[in-house]
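What you see is a predicted model; the values in this text were computed from it and never measured.
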Amino acid sequence: MNLGNVVREVTALFSQTIDRRIEVTSSIADDLLPAFVDPNQVHQVLMNLCVNARDAIMESLEIDENRGAGR
């Protein structure tokens with residue numbers, strides 16, 4: 001399977017559902033070798049990584065906003 005296709009799919013899906021203050025980008029090499037993996041598991045792992053990153057970013061944004069409100 002082509003991992004790049006899964007990354008593109010997850011990026012597109014996640015960028016539509018994430019807070020608009022967060023930009024989702026990806027960089028995929030053109031010469032990726034095929035991988036013998038379960039595409040559903042790779043999709044799940046990538047989505048989990050995206051959700052964890054989103055949660056960390058949102059927490060940081062909230063801390064920054066709270067600091068700004070106290071000025």
Distance-only donor-acceptor pairs under 3.5 Å for side chains of residues 48-60, two or more places apart:
from	atom 1	to	atom 2	distance (Å)
N48	ND2	Q44	O	3.4
N52	ND2	N48	O	3.4

Sequence neighbours excluded, every pair satisfying side-chain hydrogen bond (donor to acceptor under 3.5 Å, both in side chains) that has a member inside residues 22-40
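Every candidate side-chain hydrogen bond (donor to acceptor under 3.5 Å, both in side chains) pair involving residues 22-40 fails, so no pair, neighbours aside, qualifies.
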Go through the steps to decide whether V45 and M47 satisfy the test side chain to side chain contact (heavy atoms under 4.5 Å, CB included), and finish with yes or no.
CA-CA 5 Å; V45 167; M47 285 300 291; over 6 Å; no
Expected list for residues 4-22: side-chain donor-acceptor pairs under 3.5 angstrom, two or more places apart:
from	atom 1	to	atom 2	distance (Å)
N5	OD1	R8	NH1	3.3
R8	NH1	G4	O	3.1
E9	OE2	H43	NE2	3.3
T11	OG1	V7	O	2.7
S15	OG	T11	O	2.9
S15	OG	A12	O	3.0
T17	OG1	F14	O	3.2
D19	OD1	R21	N	2.8
D19	OD1	R21	NE	3.0
D19	OD2	R21	NH2	3.1
R21	NH1	E65	OE2	2.5

